[in-house]
There are 2 protein chains.
Amino acid sequence: MAKSTYRSRPTLRDIAHIAGVSAATVSYVLNGKGSVSAEVQKLVRKTAKDIGYRANYVAKATRTGQTLSIGLILPDLKNPFFPQLAQAVQSAARAAGYAVFLMDSQGDIEVEREGAEDFISRGVEGIVWCPATEHDSLSEYHADVPIVVVDRPLPNYDAISSDYYSGGGLLADYVLAQGHRHIGMIVGPQSLSSAKQRRDGFVDRIKGCAEIDWEVENDFSIELSDEVRRQLNDFDVSVIGCGNDFIAIGVIRALHELGRRVPKDVSVVGFDDIPWAAFSIPALTTIRQPFTKLGNEAATLLVRRILGEGGPHVNMTLGMRLVTRGSLSRH
Amino acid sequence: MAKSTYRSRPTLRDIAHIAGVSAATVSYVLNGKGSVSAEVQKLVRKTAKDIGYRANYVAKATRTGQTLSIGLILPDLKNPFFPQLAQAVQSAARAAGYAVFLMDSQGDIEVEREGAEDFISRGVEGIVWCPATEHDSLSEYHADVPIVVVDRPLPNYDAISSDYYSGGGLLADYVLAQGHRHIGMIVGPQSLSSAKQRRDGFVDRIKGCAEIDWEVENDFSIELSDEVRRQLNDFDVSVIGCGNDFIAIGVIRALHELGRRVPKDVSVVGFDDIPWAAFSIPALTTIRQPFTKLGNEAATLLVRRILGEGGPHVNMTLGMRLVTRGSLSRH
DNA sequence: CTAAAAGCCTTAAACGTTTAAGTCAATCGA
DNA sequence: TCGATTGACTTAAACGTTTAAGGCTTTTAG
């Protein structure tokens, strides 16, 4: 009874029958293989078109073993980091003829696992994975299918991530060049490698050139802890470096409530260049993460692996660049 | 040569062979059908586990005709409207056992078409579609597979959208209740039904109670046209109603550049309650669109159609609600 | 005690493709 | 003229499942 109202699609055999040739012949012309006379080719194509034939990929896949699909697992689409990534992965995959299954793990590593398992049952030929945590929750699927992890180098995987350390350095250079010598830092959770690297890159470059007056940790979130809010009353620093743009936007907001003007009274810099960064008031000076390139490269690398490209796991790292807007002024 | 380094997965026949039973028996126990002795059940399950068997959905699908997958087509993941929707669709689909293929049409109706075609070739059992334009670009796939369109009622489709008209009214009520009597409006492109409805809902309620001093059109975008920017110099209106939150954020920004304070000098209201709305300064008073519910309902309805539920096309409309934050003050 | 029913398992066909191998006729080269 | 090659097409098996039909063996009912 299910689907009863929807038409069942014509098959390759239907074409064969109508055109009076064998199924094999139809398959050959539709795939441009074998040798078939121009006459028959034309006939087959015509009947295919006439009856509205469309290939059945799943039948095709049973025979060839190729589903031409990949899976994308990411932690939370609501985080503005991921839509761009997903878009790029899908677009690059599509260009290579692959469709992409989407799985939002909601930050749950158990869901990540189940998702990967489900994907593999569905025959995906590879997975692009943006891990929710530092935990290698997909290790058991590793042998079944190539996996490219993005945003985080993970041992035993192909990995593509932004060069956070250099990005931190880039930001430090600019902060120094603009004359700032007293700096407050609100870093992301240092248990996350991505948070640690951007911090270290920044700090290492600052070292000896200026003073880091204080450094506190906060979630990668707009909500600031009480400890952080207290630090915001410090009038000695001329700039506050934030672990990411969320924190920076939260800081600008909190500063605004405290009656301190950005960047007049104190400058603020972020990290990532999420879409909102351009539209805060003032617009955020930040380090741009190449979201789109990240996704494109991940999908492209994955496809290469699928096509059999060997070699050791790559750990590709993409350059970041400084985006200067209004939230930091000369000091 | 491709995939040579990845293990080929054990099949149901492998289990059968090892356990010394027929493939049919294995299938029966794995699917909980037929009648199989407890003994054999145990044996089969054990061997399945031992050799790390995982069902091959594509083989299964050739036989059953059910791929347990649906497609999701949307115009632009970068638009903050869609990530939440996608998340909800995926989540609800997953709960029903369905996986979802993602396709970002980039606003191109040709891509929409190709995407749908590709999906159908891949055997999706249904499609959730968020049209990029008012154009019914998927009409030809309509007969193949159930399609639920979201955000826009479209004739001959099941449709789920927010009740924009009522939402507009809700906003008008609040604006009036707060004492505003002179209103400027920056509406979205009136060729879009969603833009038109929210405008009409607002205007119809205002009518007779207050003055709409001016009304201009702008894209649903943060970038404002010159005409719009000129209007912003009008000191007569006490509130500016915007077609969506993007426009509202752009307006707050432009007003800020003009030296006018929001909401002290003039109030601003948006529409949609995109995630950024809460974090602008001041935070936006707006009408919340039930993104998550929209996605959930769409997926659930689609699944019901897939399972064979008949009946005429539904045109479900979801209530919106007012979210009061700081961008509008009493007048 | 026997016929019918129930329980447990197998056989084999089917789903819509692809593709290796084979057939047959026409063409070619010497 | 004849064997070999080429060209055009077909046959049939295979991919990994599901499932209707059937065949034993054991249990049940009368």
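Note: hydrogens, waters and symmetry copies are ignored here, and every other heavy atom, side chains too, is used.
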_So B:T64, base contact, sugar-phosphate only, or nothing? Heavy-atom distance under 4.0 Å._
sugar-phosphate
*asked:* Just the rounded figure in Å: distance from P of D:dA8 to CD of A:E39.
replied: 10 Å
_Quick check on salt bridge (charged side-chain N to carboxylate O under 4.0 Å, His left out): which of B:R152, B:R305, B:R304 does B:D158 satisfy it with?_
B:R305
*Quickly work out the B:N31 CG to D:dT18 P distance and round it to whole Å.*
5 Å
*How long is the span from the CZ atom in B:F101 to the CG atom in B:D118, to the nearest 0.5 Å?*
8.0 Å
*asked:* At 4.0 Å (heavy atoms only), tell me whether B:T11 reaches a base, stays on the sugar-phosphate, or touches nothing.
replied: sugar-phosphate
*On a plain distance test, is the side chain of B:R63 in donor-acceptor contact with the base of D:dT18 below 3.5 Å?*
yes
*With distance as the sole criterion, do the side chain of A:S37 and the base of D:dG7 form a donor-acceptor contact below 3.5 Å?*
no
*Find which nucleotide of DNA chain C each of B:K60 and B:S22 is nearest to by heavy atoms, and output the residue with the more 5' nucleotide.*
B:S22
*Would you mind reading off the distance between A:D14 atom CG and C:dC15 atom P, rounded to a whole angstrom?*
11 Å
*Would you indicate, yes or no, if D:dT17 has its OP1 or OP2 atom less than 4.0 angstrom from a side-chain nitrogen or oxygen of B:Y53?*
yes
*Is there a side-chain polar atom (N or O) of B:K33 under 4.0 Å from OP1 or OP2 of D:dT19?*
yes
*Where each residue is assigned the nucleotide of DNA chain C containing its nearest heavy atom, which of B:A24 and A:R54 is assigned the position nearer the 5′ end?*
B:A24
